Amino acid sequence: MLTTTVPEAPPTRVLHVDGDTFFASCEIAMDASLSGRPVWVGGGRTGDGIVIAANRLAKRYGIGAGTACFEARRLCPHGVLARPHYDDYRRISREMFRVMESYTPTLLPASIDEGFLDLTAMERYVWRGRGAVGYVNRLRAEIESAVGVPVSAGLGASMWAAKLATSAAKPGFCEIPVGGEREFLADRPVDELAGCGGRRTRALAALGAHTFGDVASMPSILLCKSFGIWGQQLWLFARGEWTEPVVVEEKDRTTISSNTTLPVDEPDYDAGLIFLLSEAARLTGQMRREGLQTRESFVSIRFSDFERTCCQHRFRHPQFRNSVISGVIEQLYWESMRGAHKPIRQICLGFSSLERLDTQPMLWGSTDAGRWGAIDDALQVIEQRFGENTVMTGAQFALKKQNDFFEVPPAKCPFGPREASPAGPVRIDPKKARH
Ligand SMILES: [Mg+2]
């Protein structure tokens, strides 16, 4: 009789990759003169807000997320405050994930600088006894040379374990060997686990559990009673019996929006419109790339005195064409601004009730709408081929010119660093208040 042996399933191996002090590292990657210096990113609107990220050198001075910028300057007078450039962070993040994708077929992004990679089959088919260290360090080196941002990594039997291994490694790489979870976790405090916040930590402490070792030696029923399924998972995890493969769920988003506080209160309503239309083009492009279209859109403006106005529109049919959407957004904007006279503080734009885009765009239409649609499609193809922002809409171009003139970085900080205009009546061109 012929017998075949089915090979045992390999143990689950999950790699967590995380950018080191990501925003600060991006700033250093973009400006080599910052290298080797304490750098923190933040400052808010006027440069005196709070720090949102600080590099390792700055952390030595006690500067971290949440520190006030004036305090950071006092703690470290020779350090550098970098204003945030979110568009560049997004671009660097995309490049970073592109490198990760080439190392695994299953990648689950967790945040702008964090992702989980399924490396379960690697030992059997790729590493073949050579171990993970060389492979993972090659991935880390490739990310650093491609985008200039150092990353740390952790390898374990589940996403929970991999993330803890990364924190233990920072900066560097840490592998929890197969079956080594219980020993690795034993002395670690439970609050290191993502999802174990203040309330759960206090409840566990009340049961006498401070470390994973304490949890492992408790009866599971006690944890189930207090925390339900999460308690059971925690108990299995602490005992090194929790494995969890990386599952990539394809979930469509239902809304997409942008909310920007301008660097200075903007009295020029035309400038506000240019920024809004440029954002509309960016978000529409994003929807197209994700294969989505919108049914509803809204524009919300907050004025210098925090008063807010909002207008929305429901399209008759789901819409994805920038040419159509821009027209509606412009109308909504002027509707929101009707009778307004105060400078603009914040501009918010959103598209909701997103649906899958399943139309097959036609080549050249015979109607006006069809021709506009064909132009939109052609732009999309050019963008896919040559990258984002290869082709600009009029609004994006106008915004860029304005930013170049004032020498400010692109997007997020849409207008030039002018003196905040003194409070007072703002002249509105009647032509522009026509809507
Ligand atoms: Mg990070």
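Computed from a predicted structure; not experimentally measured. Indexing begins at 1, ligand by ligand and atom by atom, following the structure's order.
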inquiry  = Between the side chains of Glu95 and Arg98, is the shortest nitrogen-to-carboxylate-oxygen separation below 4.0 Å, so that they form an ion pair?
reply    = no
request  = Would you tell me whether Glu114 and His16 have side-chain atoms, one donor and one acceptor, within less than 3.5 Å of each other?
outcome  = yes
query = Under 3.5 Å, is there a donor-acceptor pair linking the side chains of Ser257 and Asn259?
reply = no
May I ask you to check if any N/O/S atom from [X] comes under 2.8 Å of the Mg ion (ligand 1)?
X      : result
Glu114 : no
Gly19  : yes
Asp113 : yes

message = With side chain to side chain contact (heavy atoms under 4.5 Å, CB included) as the criterion, how do Asp265 and Ile344 come out once you've worked through the C-alpha distance, each side chain's angles and the decisive distance to 0.1 Å?
response = CA-CA 5 Å; Asp265 292 341; Ile344 304 168; over 6 Å; no
note = Of all N, O or S atoms in Asp18, the one closest to the Mg ion (ligand 1) is OD1
